[in-house]
Asks: 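Below is a structure I'd like to ask you about.
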Amino acid sequence: MTILVTGATGAVGRPVVGQLVAAGESVRAVTRNPATAALPEPVEVFEGDLEKPESLRAAFAGVDRLYLFPVPETAREVVALAKEAGVRRIVVLSSSSVLDTSGDNHSGEYHRAVERAVEESGIEWTFVRPDEFATNVLWKWGHSIRTEGLVRAPYGNATRVLIHESDVAAVAVAALRSGEHAGRAYVLTGPEALTQVEQVRQIARAIGRPVAFEEITADRAREVMGQVMPAQVVEMVLRYLADAVVNPPAPVDTVEKVTGRPALTFARWAADHAVDFAPQSLESTA
């Protein structure tokens, strides 16, 4: 049995590959640049691009199971190629945002398109639907923590249940390896609800230096975030943060039920990523 991992060098794909190798599985990986993939030696690495489905044809040959990174624009073509090659099980990296059926959730529509393509193919499937990734704090706060020891954000009391990417990978690996998860859609969260202020405190503790939290207005956040994110994504993020102040989400224990161990804490995630917050002078970023 050979398992193909797409998005193999991503935040979740890389630990999926590592955990499958550790379990003794035959693993094949697809990446746009094999020369820089730095994946474990037993892994067969193929060059390919989900945005160019035909580039995946060679990688699919002889594959039984597929971990699918979400690219809705080409999902139907990719799934058709997988089916043609004889793939019998697909595990999709999706998102809890698909549960929002208002039609006004960019992330939900994005991931729902991939789920639909897989479900309608007739191939056995499992949907892995993580809530917010802990790694999101790297792109939101990483630069200011490294250079200023400071986080500027709106809604400091917004509560989130951030999940470690290794836990998302562990659930995906379980579904790839066992048919008992077929037809299941798993919503995943971390084990604890933390405000943004509490998250910053835990990062400071992990890196061993102070990090201040400065609350800014939603309008200021909109201005800053709009420089690097599409407007619809900015509005989605601000909406869920505002809602998380008055309707804090609760953790779910899916990770423990699927893997047999408790989900990893945010403190563990911060410790695992402490090097990513290493101090950096303002001069070095000029």
Side-chain angles (χ1 to χ4, degrees), residues 10-12 95-97 100 104-108 110 130-168 188-251 263-286:
V12 178
S95 167
S96 65
S97 60
D100 181 352
D104 192 34
N105 186 310
H106 174 75
S107 176
Y110 183 98
D131 201 68
E132 186 175 357
F133 282 93
T135 52
N136 284 355
V137 306
L138 286 175
W139 62 261
K140 290 193 299 183
W141 303 339
H143 177 73
S144 65
I145 290 176
R146 288 189 296 269
T147 59
E148 302 176 79
L150 174 66
V151 167
R152 299 179 184 87
Y155 305 111
N157 288 324
T159 299
R160 307 300 298 160
V161 282
L162 304 180
I163 187 166
H164 198 305
E165 63 274 12
S166 291
D167 282 340
V168 181
L188 312 179
T189 74
E192 59 194 341
L194 299 171
T195 67
Q196 294 196 104
V197 172
E198 289 167 338
Q199 293 164 34
V200 171
R201 287 176 185 153
Q202 293 204 9
I203 291 170
R205 195 172 298 122
I207 65 179
R209 62 189 180 90
V211 180
F213 185 92
E214 179 184 311
E215 183 151 343
I216 61 176
T217 66
D219 284 342
R220 176 57 179 156
R222 185 176 288 109
E223 179 184 338
V224 173
M225 294 163 64
Q227 297 173 12
V228 294
M229 298 166 64
Q232 67 267 35
V233 177
V234 171
E235 295 306 319
M236 179 188 71
V237 170
L238 291 175
R239 278 198 307 272
Y240 76 60
L241 285 175
D243 183 63
V245 174
V246 293
N247 297 302
L264 302 172
T265 64
F266 184 76
R268 165 65 184 273
W269 178 88
D272 288 345
H273 289 271
V275 68
D276 297 318
F277 296 103
Q280 183 178 354
S281 68
L282 287 171
E283 290 77 10
S284 69
T285 64

Asks: About how many Å separate OG1 of Thr135 and NE2 of His273, when rounded to the nearest 0.5 Å?
Replies: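 Separation between the atoms: 7.0 Å.
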Asks: With side-chain contact (heavy atoms from CB on, under 4.5 Å) as the criterion, how do Leu162 and Trp269 come out once you've worked through the C-alpha distance, each side chain's angles and the decisive distance to 0.1 Å?
Replies: CA-CA 9 Å; Leu162 304 180; Trp269 178 88; over 6 Å; no
Asks: Any side-chain heavy atom of Val211 sitting closer than 4.5 Å to one from Gln199?
Replies: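 Val211 does not reach Gln199 side chain to side chain.
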Asks: Please check if the side chain of Gln196 supplies one atom and the backbone of Arg160 the other of a donor-acceptor pair under 3.5 Å.
Replies: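 Not confirmed, Gln196 side chain does not pair with Arg160 backbone.
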Asks: In chain order, what residues pass the salt bridge (Lys or Arg N to Asp or Glu O under 4.0 Å) check against Arg205, with sequence neighbours excluded?
Replies: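 Counting only residues at least two positions away or on another chain, Arg205 forms no salt bridge (Lys or Arg N to Asp or Glu O under 4.0 Å).
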Asks: When you check the gap from the basic side-chain N to the acidic O, do Glu223 and Arg220 get nearer than 4.0 Å?
Replies: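 Yes.
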Asks: Distance check, rounded to the nearest 0.5 Å: Glu132 atom CD versus Leu188 atom CG?
Replies: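 The CG atom of Leu188 is 14.0 Å from CD of Glu132, to the nearest 0.5 Å.
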Asks: Tell me whether Glu165 contacts the main-chain N or O of Phe133 through its side chain, where contact means a donor paired with an acceptor under 3.5 Å.
Replies: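 Not at all, since once roles are kept as given, no pair shorter than 3.5 Å links the two residues.
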Asks: Does any non-hydrogen side-chain atom of Phe277 lie less than 4.5 Å from one of Leu138?
Replies: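 Yes, side chains in contact.
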Asks: Is Asp167 reaching over with its side chain to a backbone N or O of Ala263, donor-acceptor style, under 3.5 angstrom?
Replies: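 Judged by distance alone, no pair lies under 3.5 Å.
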Asks: What's the spacing between Glu192 CD and Phe266 CZ if we round to 0.5 Å?
Replies: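 Taking CD in Glu192 and CZ in Phe266, the distance rounds to 9.0 Å.
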Asks: So which of Ser97, Ser96, Ser95 actually passes side chain to side chain donor-acceptor pair (under 3.5 Å) with Asp131?
Replies: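 Single side chain to side chain donor-acceptor pair (under 3.5 Å) partner of Asp131 among Ser97, Ser96, Ser95: Ser96.
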Asks: Quick check: do Met229 and Val237 have side-chain heavy atoms less than 4.5 Å from each other?
Replies: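 They are in side-chain contact.
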Asks: Can you name the closest pair of heavy atoms from Ile163 and Pro130 and give their distance?
Replies: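 The pair with the smallest heavy-atom distance is CG2-CB, 4.2 Å.
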Asks: Please collect all side chain to side chain donor-acceptor pair (under 3.5 Å) contacts where either partner lies in residues 210-219, sequence neighbours excluded, each pair once.
Replies: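 Checked against side chain to side chain donor-acceptor pair (under 3.5 Å) - neighbours excluded - the pairs reaching residues 210-219 are Asp219-Arg222.
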Asks: For Thr195 versus Asn157, what's the shortest heavy-atom pair and its separation?
Replies: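 Scanning both residues completely, I find the closest heavy atoms to be CG2-O, 3.7 Å.
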Asks: What's the spacing between Arg146 CZ and Asp276 CG if we round to 0.5 Å?
Replies: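 Between Arg146 CZ and Asp276 CG, I get 7.5 Å after rounding to 0.5 Å.
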Asks: Of all the heavy-atom pairs spanning Ala193 and Glu198, show the shortest one and how long it is.
Replies: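 Residues Ala193 and Glu198, closest heavy atoms: O-OE1, 4.2 Å.
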Asks: Fit a plane to each ring of Phe213 and Trp141, take the angle between them on a 0 to 90° scale, and name the class: parallel (under 30°), tilted (30 to 60°) or perpendicular (over 60°).
Replies: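 It falls in the perpendicular class, over 60°.
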Asks: Heavy atoms, side chains only, cut-off 4.5 Å: are Val137 and Val151 in contact?
Replies: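 Answer no - side chains too far apart.
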Asks: To the nearest 0.5 Å, what is the distance between CD (Gln202) and OG1 (Thr265)?
Replies: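 Separation between the atoms: 7.0 Å.
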Asks: Check Leu241, Asp100, Asn105 against Met236 for a side chain to side chain contact (heavy atoms under 4.5 Å, CB included) and give me the one that passes.
Replies: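 Output: one option passes, namely Asn105.
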Asks: Does the side chain of Pro249 reach to within under 4.5 Å of the side chain of Thr159, using non-hydrogen atoms?
Replies: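 The answer is yes, as the side chains (C-beta and beyond) meet within the 4.5 Å cut-off.
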